K.L.:
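Got a structure here, written out as structure tokens. Questions coming.
Every chain is numbered from 1, with letters handed out A, B, ... down the list of sequences. The shown structure was predicted, so the numbers you read here are calculated from the model rather than taken from an experiment.
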There are 4 protein chains.
Amino acid sequence: MKRAPTDPSVSAPVAAKRAAAARGFASAAKPASENEAISTRAAKAAERRAAIIEAALDEFTARGFAATRIDDVAKRAGVAKGTIYLHFTDKEAMFQELVRTALVPTMQRLTAQPSPGVSARQMLEAFADAFVNDVAQTRRGDILRLVMAEGTRFPSLAEFHYRNVVEPGVAGIRRILELGVARGEISSAALAQFPQLAVAPVVLSVIWQGLFGRFAPLDVQAMLRAHLDLIFGERTAS
Amino acid sequence: MKRAPTDPSVSAPVAAKRAAAARGFASAAKPASENEAISTRAAKAAERRAAIIEAALDEFTARGFAATRIDDVAKRAGVAKGTIYLHFTDKEAMFQELVRTALVPTMQRLTAQPSPGVSARQMLEAFADAFVNDVAQTRRGDILRLVMAEGTRFPSLAEFHYRNVVEPGVAGIRRILELGVARGEISSAALAQFPQLAVAPVVLSVIWQGLFGRFAPLDVQAMLRAHLDLIFGERTAS
Amino acid sequence: MKRAPTDPSVSAPVAAKRAAAARGFASAAKPASENEAISTRAAKAAERRAAIIEAALDEFTARGFAATRIDDVAKRAGVAKGTIYLHFTDKEAMFQELVRTALVPTMQRLTAQPSPGVSARQMLEAFADAFVNDVAQTRRGDILRLVMAEGTRFPSLAEFHYRNVVEPGVAGIRRILELGVARGEISSAALAQFPQLAVAPVVLSVIWQGLFGRFAPLDVQAMLRAHLDLIFGERTAS
Amino acid sequence: MKRAPTDPSVSAPVAAKRAAAARGFASAAKPASENEAISTRAAKAAERRAAIIEAALDEFTARGFAATRIDDVAKRAGVAKGTIYLHFTDKEAMFQELVRTALVPTMQRLTAQPSPGVSARQMLEAFADAFVNDVAQTRRGDILRLVMAEGTRFPSLAEFHYRNVVEPGVAGIRRILELGVARGEISSAALAQFPQLAVAPVVLSVIWQGLFGRFAPLDVQAMLRAHLDLIFGERTAS
DNA sequence: AATGAATGAGCATTCATTCAT
DNA sequence: AATGAATGAATGCTCATTCAT
């Protein structure tokens, strides 16, 4: 099994710059210093940390936990190997810390409070669209895949995601489904008992694209729409 | 990440014996000699090979490819390390060889020819039952999970499974769905366009049980039944 | 360093046959049984032993001691690995036994009694010709090279060759040189003190051809003749 | 073949110190900093590299390429195994790199421009003396032996030495011989056609001392002098 | 804080030797 | 005697982690 560079087009320093501007993932670490010109020690440290996180995610999603080398993460982040250990106690801590925080905000947004006057179908459509736009087509999809792939080896990680991503997500979906049943939009009461059924195509799409996307890509959006038709009992034209 | 024995209750010799009786995986290698007492060289070799396969599957499913040590496979199989290299050229060949062949026969059986006079619902029910009995509750479920987890790192493996497991499986399901639509059992024509929707809960269940089964087990059978109700438009009692 | 087959054109069975007919090296082992048709156990064993010796020499000269694999010797000899251990206690014993006996008879012939009425020059010419024909152009040259290459690591082997090949050889040459001096053929008396000087070009040629022969072959015969001219004080035409 | 320490009298730290003072081999790496007390990172690295080179030469010359263990080189150099891989990509690269550079400067000096007003005999005498002092009696002699022993297995190494050591050396000797012929010092014109004849005793001495030096040492200096007498046609007193 | 050279435990693979058949 | 499957010690190389600068 040869080892290939994850992204040879990105040189280390460029990667560092790009990483410094990482959206979302490490925003908490960089307190948006009052002035861009001001570059305090703390700001620099935050930048570095963000670069490391960015690089680590790239490597971990591309290679998995075991096959990722700290050396490569460091190179990609544009820092020295030792620097990583100033931010993370060890490789596993880095992995778990990164993967833990990477999805929570997104999932919280995805399963946010439904607006009152909206139909269940519209809610699920919004959810599906958000998933396609914010997860399936971004690096978050890779992270989701990573959690599924490595979760078995990191029980605490799996449980963390269950508590913070899956459970709330399923609960949110269930609320929507119950609303749909209550309003008569959905005829199958069993669906609310297994909200997983509503999410299953999302899980499948993540796996599918990761394994087969290269040669047999799936039109996730269309599939999710067909799924909603199924749930809401609408007969689609053949 | 501390390394723990995958199954400390099984001593090496016992493992070897158990392996000798391995169901399915290496059956081709042991031609069921006329008499059990007969123990030819070939039979012994087949036994050993079966033991290695068994052990390797245990270790690979428990730890993943990278974290599995040949030494542990050997110990678990009750053979010396060198013996493994009499049967497989290297670790990766062993991994791919095992995982490639492990699912194909089962999947072929699962998606076999539907009996003529049977309803689409019955067919899918049979499929769901077979999956629960032969995959979800056996080691094949672990292997399926393993393919999902490592497939990204082994493109040829992913493609092999696509061609030999996924594509035929999806095609089989599609035929059933089309039959259902033709017979009026299924109202949603879009389903036949995305047979993946019919299989999605199966994929979800594999992932779910692998990650969360320990603390939040899923009643896969019940879920699949609910899913069929959804597909066939039957309103289940709440 | 990739490992390449020493002689891919020779298949194992053919090699065995050819080995069975090995000239010289193992003749002592095959007592020329009364009748060729008779193939006693002993004769078969001798044949096998000869095949092993032949194969071992091929491999050892091609790869050196450390890089030669018993497995390859067995394959080349057309016998099973275990069979080798019926004839030799271990790899080193095989190596030493082979290399020890391979040169002695030849060297004895090369330094045999000088015919009485022959000039010193003629004697040395005969020696040079014999060396070129029987050593430089045959596998014995490889063996000589092998001894030079591995001798440092096998002190007893080096000493054996000193006692049985070098010492007698040098003594023989010295006798010839003294004869030449006594007869007035040779003017330099110092030569007889260092008979090694007379043999030095022979040693050089073995090394040279082994290392550089591929791209810078040496005309050994011509060089040896020039050397004789030097020794016997004849001025060669430019 | 029992494995014995090459030089048990030298403890690791001592070896490192000694290596730091290695003559010639790694001189380029240590830029002779202004003050001996100054110990920059670069200097330390150079020291380490020199220690590794020294140790590796010891081991390689004592055991040959295949039988040398990286572990032993590391121990002897007083560094950890991994450190070696910071300086050389792998064992073969280390071997070739060391052996390639070890002889070139010496050989260049040996075959340097002859002073104009000097006789051919004096030139060859200077060459012989330099060889005895700088090669035969130093570790360079071992390296030369090593090249002869392993050259067959490393064609590129053999060719490198041919181009950089042998070819220029032979050319230099040839020039001297031609000068001698032109001046009437040398009567045999054939000698200039085979300058190898002038070097042959040098080659023989390297081999001889390596194989038989322990129990039958050769007075190389005297032999080379006798050889010069032979070349220049002087009759030595018996 | 940052660096990156140094460390050494860890692991895949090889191969001489043994021994049951 | 002959076989070749099985063994397991040996060894090259990797890479997470440490620490002197």
Side-chain angles (χ1 to χ4, degrees), chain A residues 1 3 41-42 44-45 48 66-75 78-94, chain B residues 1 3 39-42 44-45 48-49 66-75 78-92 94, chain C residues 1 3 41-42 44-45 48 66-75 78-94, chain D residues 1 3 39-42 44-45 48-49 66-75 78-92 94:
Chain A
M1 192 167 45
R3 181 177 288 276
R41 259 149 309 229
K44 273 230 175 140
R48 279 201 138 83
T68 289
R69 279 177 288 148
I70 295 287
D71 233 338
D72 287 346
V73 174
K75 241 169 241 143
V79 302
K81 216 186 332 181
T83 306
I84 289 179
Y85 286 87
L86 298 174
H87 293 276
F88 304 94
T89 58
D90 63 12
K91 190 184 174 185
E92 187 175 340
M94 174 166 65
Chain B
M1 189 163 53
R3 184 177 286 276
S39 178
T40 65
R41 247 149 315 191
K44 272 234 175 136
R48 278 200 134 85
R49 192 185 161 88
T68 290
R69 279 180 281 130
I70 295 286
D71 237 337
D72 286 346
V73 174
K75 238 167 249 150
V79 302
K81 211 179 345 175
T83 305
I84 289 179
Y85 288 88
L86 296 175
H87 293 275
F88 303 94
T89 57
D90 62 12
K91 188 183 171 184
E92 188 175 338
M94 173 165 67
Chain C
M1 195 162 47
R3 182 177 288 274
R41 257 151 311 227
K44 274 235 176 135
R48 279 202 138 83
T68 289
R69 278 176 289 148
I70 296 286
D71 231 337
D72 286 346
V73 174
K75 240 170 243 144
V79 302
K81 216 181 338 178
T83 306
I84 289 180
Y85 287 87
L86 298 175
H87 293 275
F88 304 93
T89 57
D90 62 13
K91 188 185 175 185
E92 187 176 341
M94 173 167 64
Chain D
M1 191 165 49
R3 183 178 286 276
S39 178
T40 64
R41 247 147 313 189
K44 273 232 174 140
R48 276 200 136 86
R49 192 186 161 88
T68 289
R69 281 180 279 128
I70 294 287
D71 240 337
D72 286 347
V73 173
K75 240 170 243 147
V79 302
K81 207 178 350 174
T83 305
I84 289 179
Y85 288 89
L86 296 175
H87 293 276
F88 303 95
T89 55
D90 61 13
K91 188 184 173 185
E92 188 174 338
M94 173 165 69

K.L.:
Select from B/Ile70 and A/Gly82 the residue whose nearest nucleotide in DNA chain E is closer to the 5' end of that strand.
P.N.:
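The 5'-side residue here is A/Gly82.
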
K.L.:
Starting from the 5' end of DNA chain F, give me the residue, D/Asp90 or C/Thr83, whose nearest nucleotide shows up first.
P.N.:
C/Thr83

K.L.:
Round to a whole Å and report the spacing from CZ of C/Phe88 to P of E/dT17.
P.N.:
13 Å

K.L.:
Of the listed nucleotides (E/dT3, E/dT14, F/dG4), which one gets closest to any side-chain atom of B/Tyr85?
P.N.:
E/dT14

K.L.:
Find which nucleotide of DNA chain F each of B/Leu86 and D/Lys91 is nearest to by heavy atoms, and output the residue with the more 5' nucleotide.
P.N.:
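Nearest-nucleotide comparison on DNA chain F picks B/Leu86.
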
K.L.:
In this structure, how many angstroms lie between the P atom of F/dA5 and the CZ atom of B/Arg49, rounded?
P.N.:
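Whole-Å distance recorded here is 13 Å.
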
K.L.:
With rounding to the nearest 0.5 angstrom, report the CD1 to NZ distance, A/Ile70 to A/Lys75.
P.N.:
12.0 Å

K.L.:
So what's E/dT17 paired with, Watson-Crick or G-U wobble, going by both distances under 3.5 Å?
P.N.:
F/dA6

K.L.:
If you check the C/His87 side chain, which of F/dG4, E/dA6, F/dA2 turns out closest?
P.N.:
F/dA2

K.L.:
Looking at D/Arg49 and D/Phe88, what are the two nearest heavy atoms and their distance?
P.N.:
NH2-CE2, 3.8 Å

K.L.:
Please report, rounded to the nearest Å, how far the P atom of E/dT18 is from the CD1 atom of C/Ile84.
P.N.:
14 Å

K.L.:
For a quick test of reading the model, state the closest non-hydrogen atom pair linking D/Lys91 to D/Thr68 and the distance between them.
P.N.:
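Closest heavy-atom pair between D/Lys91 and D/Thr68: NZ-O, 2.8 Å.
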
K.L.:
Picking from F/dG12, F/dT3, E/dC15, which would you name as closest to the side chain of D/Arg69?
P.N.:
F/dG12

K.L.:
Please give, in whole Å, the distance from F/dA10 C1' to D/Asp71 CG?
P.N.:
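Checked: the CG to C1' distance equals 10 Å.
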
K.L.:
Quick check on DNA chain E: between A/Ala45 and C/Ala66, whose nearest nucleotide comes earlier from the 5' end?
P.N.:
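Closest to the 5' end, via its nearest nucleotide, is A/Ala45.
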
K.L.:
Regarding D/Thr89, tell me which of base, sugar-phosphate or nothing describes its non-hydrogen contacts under 4.0 Å with the strands shown.
P.N.:
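The answer is nothing, as D/Thr89 stays clear of every strand by at least 4.0 Å.
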
K.L.:
Can you tell me how far P of E/dG4 sits from NZ of D/Lys44, to the nearest Å?
P.N.:
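It is 17 Å, rounded to the nearest whole Å.
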
K.L.:
What integer distance in Å separates A/Lys75:NZ from E/dT3:C1'?
P.N.:
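Result: 14 Å.
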
K.L.:
Which base sits across from F/dA1 as a Watson-Crick or G-U pair, both distances under 3.5 Å?
P.N.:
none

K.L.:
Give me the atom names and distance for the closest heavy-atom approach of B/His87 to B/Ala45.
P.N.:
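Result for this residue pair: CE1-O, 3.8 Å.
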
K.L.:
Per the atom types in the model, does the base of E/dT13 pair as donor or acceptor with the side chain of B/Lys81 at under 3.5 Å?
P.N.:
yes

K.L.:
What is the distance, rounded to the nearest whole Å, between atom CG of A/Asp72 and atom P of F/dC15?
P.N.:
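That distance rounds to 8 Å.
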
K.L.:
Indicate whether OP1 or OP2 belonging to F/dT7 is found under 4.0 Å from a side-chain N or O atom of B/Arg48.
P.N.:
yes

